[in-house]
**Q** 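Okay, here's the structure, questions in a sec.
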Amino acid sequence: MFGLTITSSWGNGHATTYRGLVRGLVDRGHDVLFLERDKPWYAENRDLPCPPYGTTVLYDGLDGLASWTDAVARADLVVVGSYVPEGVAVAEWVQRTARGLVAFYDIDTPVTLAALQRGRCDYLTRGLVRGFDFYLSFTGGPTLRELEQAYGARMARALYCSADPELYRPDPAAMLRYDLGYLGTYSPDRQPTVDALLCRVALTLPSRRFVVAGPQYPAEIDWPAAVERIEHLAPDLHRGFYCAQRFTLNVTRADMVRRGWSPSVRLFEAAACGVPIVSDWWPGLDSLFKPGVEILVARNTSEMVSILETTPEAQRRAIAEAARARVLAAHTGAHRAAELEGYVAEALARRAIPA
């Protein structure tokens, strides 16, 4: 696997996704080599420098890939991920070198397709899309048909993020410090929703307690007094963060809202911790969690205020338990590894059919 990063979760959702998938594959008996381009901003923020599953190698540049020619050639499957530095050159080399299956794993599908439409994607081209045996997408639904029909993907399949139930689980001893919290890197297209569903709520309910955790927020943001700010939290602190909340907020990037079927890793992690989630609405959300039973939806400030002020404690706990059960049944790294195995079998069967 060539991915953006597996060693650092700083400012990205790739690392935790790869960790869950690689661990799931290794647990199922596969040998996995993960190749990550050594970048200073990740080197300074490595919360898992030596993953205890599979083999992780840092390389300095394209010239460093030559050392792994034999490994790529002999692999049953080579996966190239989105946002890999000099990803076009890496993917071209992989497609020339690999004798087994080759796949693209798009953890940023809406962003990728928008860039391809503009003709300015740094890590993928339309020609490369057609050269992969299959295309794994963080976005499901109608986007999969678009990838095949408009971009020439031979086989587009959803491979969502996941949660590790050993890392993300309830903490019965946790103290509820916050009424509502949010964990996420700053994004200009998400911030209006964060403002509507958390900041304005904090102004309306100043006696309640709120928290926003994540890096890269502009210094000029004027946070309400009831909102505590925390900078980047390493994954080993996420569980404690979630378990300290009565409710946690899920906010989706604008491109992913438009396309739908784009769950974030925070959605599954919070649910695995047994914390009730309040999410913005997007198409496909109800295919993952049942609204009103496994998740709550708020479309504006007043709806969020109502949730915080009127939800009975028994209902709050029931929603949390139902969401956790859904994650354990369908959204762990083991499930994603099994799904990937199925896609490999499907791609191999397609190869065996004469053209």
Side-chain angles (χ1 to χ4, degrees), residues 168-234 236-253 257 264 266-282 285 289 291-324:
Y168 297 94
R169 63 190 190 279
D171 180 1
M175 299 292 292
L176 292 178
R177 297 177 55 203
Y178 308 107
D179 293 287
L180 179 66
Y182 173 68
L183 173 60
T185 301
Y186 172 77
S187 175
D189 61 347
R190 273 196 301 235
Q191 193 59 28
T193 305
V194 175
D195 289 340
L197 299 184
L198 191 145
C199 294
R200 291 177 199 161
V201 177
L203 292 172
T204 305
L205 303 173
S207 63
R208 296 284 189 174
R209 297 159 298 173
F210 303 83
V211 61
V212 173
Q216 302 179 18
Y217 284 84
E220 59 268 23
I221 293 180
D222 185 15
W223 298 99
V227 177
E228 180 180 337
R229 268 289 290 133
I230 301 174
E231 289 300 318
H232 170 68
L233 284 175
D236 61 343
L237 300 176
H238 288 185
R239 178 191 176 216
F241 177 77
Y242 284 125
C243 291
Q245 302 170 41
R246 289 181 59 240
F247 294 92
T248 196
L249 174 64
N250 177 71
V251 178
T252 310
R253 296 194 64 173
V257 170
S264 72
R266 307 300 180 221
L267 194 67
F268 297 134
E269 290 175 351
C273 287
V275 180
I277 300 166
V278 186
S279 179
D280 54 352
W281 173 255
W282 36 269
L285 176 62
F289 295 97
V293 177
E294 298 168 334
I295 197 168
L296 296 172
V297 174
R299 294 176 172 83
N300 52 51
T301 302
S302 62
E303 289 185 358
M304 179 64 85
V305 168
S306 177
I307 288 170
L308 295 183
E309 293 286 85
T310 67
T311 303
E313 179 63 12
Q315 181 185 4
R316 188 187 74 84
R317 291 182 178 274
I319 290 170
E321 292 169 2
R324 174 169 163 78

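Note that the numbering runs from 1 along the sequence shown for the chain.
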**Q** I'd like to check Trp223 versus Val227 (side-chain heavy atoms, cut-off strictly below 4.5 Å). Are they in contact?
**A**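 Of all side-chain heavy-atom pairs linking Val227 with Trp223, at least one is under 4.5 Å.
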**Q** Please assess Val257 against Trp281 for the test side chain to side chain contact (heavy atoms under 4.5 Å, CB included), listing each intermediate value before the final yes or no.
**A** CA-CA 8 Å; Val257 170; Trp281 173 255; over 6 Å; no
**Q** Could you pull out all residues at least two apart from Glu303 that satisfy side-chain hydrogen bond (donor to acceptor under 3.5 Å, both in side chains)?
**A**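 With neighbours one apart ignored, the set is empty.
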**Q** To the nearest 0.5 Å, what is the distance between CG on Asn250 and OG on Ser279?
**A** 4.0 Å
**Q** Does the Thr310 side chain pair with the main chain of Ser306, one donor and one acceptor, at a distance under 3.5 Å?
**A**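 Side chain of Thr310 to backbone of Ser306, a donor-acceptor pair under 3.5 Å: yes, one is there.
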**Q** With sequence neighbours excluded, give me every salt bridge (charged side-chain N to carboxylate O under 4.0 Å, His left out) pair touching residues 267-282.
**A** Arg266-Glu269
**Q** What pair of heavy atoms forms the shortest contact from Thr248 to Gly181, and how long is it?
**A**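 What the structure gives for the nearest pair is OG1-O, 3.3 Å.
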**Q** So, for Arg239 and Pro170, which heavy atoms are closest and what is the spacing to 0.1 Å?
**A** NH2-O, 2.8 Å
**Q** May I ask you to test the Leu205-Leu308 pair for a side-chain heavy-atom distance under 4.5 Å?
**A**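 Sidechains of Leu308 and Leu205: in contact.
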**Q** Between Cys199 and Pro224, what is the shortest heavy-atom contact and its length?
**A**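 Here Cys199 and Pro224 meet closest at O-CG, 3.5 Å.
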**Q** So do the side chains of Thr311 and Phe247 get within less than 4.5 Å of each other, counting heavy atoms only?
**A** yes
**Q** Hey, does the side chain of His238 reach the backbone of Leu233 with a donor-acceptor pair shorter than 3.5 angstrom?
**A**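 Side chain of His238 to backbone of Leu233, a donor-acceptor pair under 3.5 Å: yes, one is there.
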**Q** Is there a side chain to side chain contact (heavy atoms under 4.5 Å, CB included) between Leu249 and Ile277? Walk through the geometry before answering.
**A** CA-CA 6 Å; Leu249 174 64; Ile277 300 166; over 6 Å; no
**Q** Restricting to pairs with a member in residues 176-189, which pass salt bridge (charged side-chain N to carboxylate O under 4.0 Å, His left out), not counting sequence neighbours?
**A** Arg177-Glu228, Asp179-Arg208, Asp179-Arg209, Asp179-Arg246, Asp189-Arg253
**Q** Considering non-hydrogen atoms only, spot the tightest contact between Ala298 and Met304 and give its length.
**A** CB-N, 4.1 Å
**Q** Might you point out which heavy atoms bring Ala323 and Phe289 nearest each other, and give the distance in Å?
**A**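 Reported closest heavy-atom pair: O-CE2, 3.8 Å.
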**Q** Between Arg190 (side chain only) and Thr252 (backbone N and O only), is there a donor and an acceptor less than 3.5 Å apart?
**A** no
**Q** Identify, with sequence neighbours excluded, every residue that meets side-chain hydrogen bond (donor to acceptor under 3.5 Å, both in side chains) alongside Asp195.
**A**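 In terms of side-chain hydrogen bond (donor to acceptor under 3.5 Å, both in side chains), with neighbours along the sequence ignored, Asp195 is linked to Gln191.
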**Q** Would you say the side chain of Ile295 lies within less than 4.5 Å of the side chain of Leu285, judging by non-hydrogen atoms?
**A** yes
**Q** Taking only residues two or more places apart in sequence, or in another chain, which ones meet Glu313 in a salt bridge (Lys or Arg N to Asp or Glu O under 4.0 Å)?
**A**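 Testing Glu313 for salt bridge (Lys or Arg N to Asp or Glu O under 4.0 Å), a comparison that skips the adjacent residues, returns Arg316, Arg317.
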**Q** Give me each pair satisfying ring pair (Phe, Tyr, Trp, His ring centres under 6.0 Å) with a member in residues 177-214, each pair once, sequence neighbours excluded.
**A**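 Sorted result for residues 177-214: Tyr186-Tyr217.
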**Q** Measure across Pro276 and Ile319 and return the closest heavy-atom pair with its distance rounded to 0.1 Å.
**A** CB-CG2, 4.2 Å
**Q** Does Thr301 offer a backbone N or O that forms a donor-acceptor pair with the side chain of Arg200 under 3.5 Å?
**A**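 Not a single qualifying donor-acceptor pair exists.
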**Q** Donor-acceptor check, side chain of Arg229 to backbone of Gly214, threshold 3.5 angstrom: yes or no?
**A** yes
**Q** How far apart are the C-alpha atoms of Leu198 and Val212, what are their side-chain angles, what is the distance that settles it, and do they pass the side chain to side chain contact (heavy atoms under 4.5 Å, CB included) test?
**A** CA-CA 9 Å; Leu198 191 145; Val212 173; 3.7 Å; yes
